> 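Please read through the structure below; I'll follow up with questions.
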Amino acid sequence: MMERFVFAPLPGRVVFGAGTLDRLAEEVAGLGVRRALVLCTPEQRATAEDVAQRLGAAAAGVYDRAVMHVPIEVAEAARTHAAERGADGYVAVGGGSTIGLGKAIALVSGQPVIAVPTTYAGSEMTPIWGLTQHGEKTTGRDLRVLPRVVIYDPTLTVSLPPRLSGVSGMNAIAHCVEALYAENGNPIAALMAEEGIAALAGSLPGIMAEPGRLDLRTRALYGAWLAGSVLGAVGMALHHKLCHVLGGTLNLPHAETHTAVLPHAAAYNAAAAPDAMRRVARALGAESAAQGLYDLANALGAQTALRHLGMREEDIPRVADLATANPYANPAPVTRDGMLALLRNAWEGRRPDA
Ligand code: NAD
């Protein structure tokens, strides 16, 4: 990776730290937005109302219909509502689902999105959009959907329940792990990825015990920023492909699926990407990357078996077929037998052997 690489940073502005939500109105005005529609899920309506209040006359209201995986009907309803309200920009307050809705509107309108992330999923740092139609998720890259400003205020993450914080953090770690062996990786992305894993692994276990600790929440959100940055900067591999298939075809929960699959994807790639694994293990403070990831997931009280997340044993061959068809670039060759073994281990939730 060191010998030859391309480095192409994305544009964007990041405002980080406890209390930075106070700067929202200024940031929105700085983009020339006069009527920002605040987007959220139904559960986060109260937070979004507070955000709208901070915007005062620059708010076009709150739209609380964001749901997982951005169904096309939800995106279309939001676009219509935004046009009716005369919105010229969007403040997405929430996790990947809410930010995804903002991206779906921006994809068509070209209007700016300001993201205020409240999970560790990382969508706010990427130009990747996703839309679901008839149970099938389509994704693409378009710079128009990349949020122009991201406000990372860790005080908004204190309410994220410990169990969700753990799996959301593992989702972020997955971006970092795959960035370390990405086909188009570069030394800067690798630095960020390793630091991201260390920040998340160093804070998430403490958050389980004390979810209100702002210092730990700050460190975790810093890790999530790094993770989102590398997700946006370099290509993902086998792990993300598997999670995409599992989420898309079996409708398994996003962050939980990442958590269960990651140790096994790392084990699968261990021999083919030794330098990446050394860096993952170092960041985790573990002997082995794959085992360290598995042990961290357990320490976070996460479910590590796909069979407990709604996958049936008879789904294994179908998912193996789909993962083998049009695979993403990956350090170890992606074979059907290899996928069958990997998926069985993840389905059972076994600790990787090495
Ligand atoms: P999510 O956005 O679906 O949020 C999960 C739940 O947690 C929701 O009910 C939400 O309201 C609630 N929640 C969020 N923050 C909270 C907080 N601080 N306090 C209390 N409740 C809170 O989950 P997610 O894992 O962030 O996002 C998953 C979605 O994002 C998936 O559809 C995934 O495909 C997408 N995603 C996209 C990208 C990308 O680059 N396009 C990257 C990562 C994830």
Side-chain angles (χ1 to χ4, degrees), residues 10 12 21 39-48 50-51 62 64-71 74-75 92-104 106-107 113 115-132 136-147 150-176 178-179 207 211-212 214 217 220-221 224-225 227-236 239-248 251-259 302:
L10 294 168
L21 189 60
L39 307 173
C40 63
T41 59
E43 302 86 61
Q44 287 182 283
R45 171 117 203 159
T47 308
D50 170 54
V51 164
V62 170
D64 69 359
R65 308 278 166 81
V67 292
M68 188 83 102
H69 300 318
V70 201
V74 172
V93 190
S97 299
T98 302
I99 294 164
L101 181 60
K103 289 176 161 182
L107 183 64
V113 175
V116 184
T118 63
T119 71
Y120 306 131
S123 177
E124 64 281 354
M125 293 306 297
T126 84
I128 305 163
W129 55 266
L131 281 166
T132 307
E136 215 174 295
K137 188 164 181 177
T138 313
T139 59
R141 291 178 86 94
D142 192 320
L143 264 189
R144 298 207 303 174
V145 311
L146 179 72
V150 181
I151 298 183
Y152 281 109
D153 187 337
T155 56
L156 294 171
T157 63
V158 166
S159 57
L160 190 65
R163 192 195 61 78
L164 268 180
S165 302
V167 290
S168 190
M170 289 300 296
N171 183 194
I173 289 176
H175 308 329
C176 297
E178 295 233 299
I207 286 172
L214 199 54
R217 290 291 191 175
L221 197 59
W225 165 54
S229 301
V230 296
L231 175 67
V234 301
M236 294 289 118
H239 168 80
H240 281 74
K241 171 77 180 187
L242 279 170
C243 293
H244 188 86
V245 170
L246 288 163
N251 202 25
L252 301 193
H254 178 80
E256 288 82 351
T257 302
H258 272 269
T259 306

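Start at 1 and go down the list; that is how both ligands and their atoms are numbered. As the structure is a computational prediction, the values presented were derived from the model and not from experiment.
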> Heavy atom under 4.0 Å from ligand 1: found in Leu160's side chain, backbone, both, or neither?
both
> Which atoms from ligand 1 have a heavy atom of Gly95 less than 4.0 Å away?
2 (O), 26 (O)
> Tell me the contacting part of His254 for ligand 1: side chain, backbone, both, or neither, using a 4.0 Å heavy-atom threshold, strictly below.
side chain
> Does an N or O anywhere in Thr157 fall below 3.5 Å from an N or O of ligand 1?
no
> Do Glu124 and Tyr152 have side-chain heavy atoms sitting under 4.5 Å apart?
yes
> Does an N or O from Gly122, backbone or side chain, lie closer than 3.5 Å to an N or O of ligand 1?
no
> Backbone N or O of Ser168 within a donor-acceptor pair of the Thr119 side chain at under 3.5 Å?
no
> Donor-acceptor check, side chain of His240 to backbone of Gly235, threshold 3.5 angstrom: yes or no?
no
> Looking at every heavy atom in both Thr41 and Ala66, which two are closest together, and how far apart are they?
CG2-O, 3.5 Å
> For atom 24 (P) of ligand 1, what is the nearest protein heavy atom, given as residue, atom name and distance?
Gly96 N, 3.5 Å
> What residue and heavy atom of the protein are closest to atom 41 (N) of ligand 1, and at what distance?
Ile128 O, 2.9 Å
> What distance do His239 atom NE2 and Ile173 atom CD1 have between them, rounded to the nearest 0.5 Å?
10.5 Å
> Distance-only, no hydrogens or angles: does the Ser165 side chain make a donor-acceptor pair with backbone N or O of Leu160 under 3.5 Å?
yes
> Going by atom types only, do Gln44 and Thr118 share a side-chain donor-acceptor pair under 3.5 Å?
yes
> Go through ligand 1 atom by atom and flag the ones less than 4.0 Å from a non-hydrogen atom of Thr41.
10 (C), 11 (O)
> Report the member of Arg217, His69, Gln44 with the shortest heavy-atom distance to atom 10 (C) of ligand 1.
Gln44
> Among all the protein's non-hydrogen atoms, which is closest to atom 38 (C) of ligand 1, and how far away is it?
Ser123 CB, 3.4 Å
> Answer yes or no: does an N/O atom from His175 fall short of 3.5 Å to an N/O atom of ligand 1?
no
> Report yes or no: does Lys103 contribute a side-chain atom to a donor-acceptor pair with the main-chain N or O of Ile128 at less than 3.5 Å?
yes
> Would you mind running through ligand 1 and noting each atom that sits below 4.0 Å from a heavy atom of Leu156?
18 (N)
> Of all residues at least two apart in sequence or in a different chain, which pass the salt bridge (charged side-chain N to carboxylate O under 4.0 Å, His left out) check with Arg45?
Glu49, Asp64
> Suppose we measure from atom 43 (C) of ligand 1 to each protein heavy atom; which comes out shortest, and what is that distance?
Ala121 O, 3.4 Å
> Can you name the residues that form a side-chain contact (heavy atoms from CB on, under 4.5 Å) with Thr157, not counting sequence neighbours?
Tyr120, Pro154, Arg217, Leu221
> Quick check on contacts: which atoms of ligand 1 are under 4.0 angstrom from a heavy atom of Met68?
3 (O), 28 (C), 29 (C), 31 (C), 32 (O)
> Under 4.0 Å from a heavy atom of Lys103: give me the atoms of ligand 1 that qualify, with their elements.
39 (C), 40 (O), 41 (N)
> Consider every N or O of Glu43 and every N or O of ligand 1, then say whether any pair is closer than 3.5 Å.
yes
> Quick one: are Val51 and Val116 in side-chain contact, heavy atoms under 4.5 Å?
no
> When you measure from atom 5 (C) of ligand 1 to the protein, is at least one non-hydrogen atom found at a distance under 4.0 Å?
no
> Among protein heavy atoms, which lies nearest atom 17 (C) of ligand 1, and at what distance?
Ser159 OG, 3.5 Å
> Test your reading of the model: is there a side-chain donor-acceptor pair from Arg141 to the backbone of Gly232, 3.5 Å cut-off?
yes
> At a non-hydrogen distance cut-off of under 4.0 Å, which region of Val70 contacts ligand 1 (side chain, backbone, both, or neither)?
neither
> Counting only heavy atoms, which portion of Thr126 has something under 4.0 Å from ligand 1: side chain, backbone, both, or neither?
side chain
> Show which atoms of ligand 1 fall inside a sub-4.0 Å distance from at least one heavy-atom site of Leu231.
40 (O), 42 (C)
> Taking Gly247's backbone N and O only, do any of them form a donor-acceptor pair with Lys137's side chain (distance below 3.5 Å, no angle check)?
no
> Please step through side chain to side chain contact (heavy atoms under 4.5 Å, CB included) for the pair Thr98 and Val93, ending with a clear verdict.
CA-CA 7 Å; Thr98 302; Val93 190; 5.5 Å; no
> Tell me whether Met125 reaches ligand 1 (any heavy atom closer than 4.0 angstrom to a ligand atom).
no
> Check this for me - ligand 1, Ser97, N or O atoms closer than 3.5 angstrom, yes or no?
yes
> Is there any N or O on Lys137 that sits under 3.5 Å from an N or O of ligand 1?
yes
> Do Pro161 and ligand 1 have an N or O pair less than 3.5 Å apart?
no
> Taking all non-hydrogen atoms of both residues into account, name the closest pair between Gly96 and Ser123 and its distance.
CA-CB, 4.2 Å
> Would you mind listing which atoms of ligand 1 come within a distance below 4.0 Å of any non-hydrogen atom of Leu164?
7 (O)
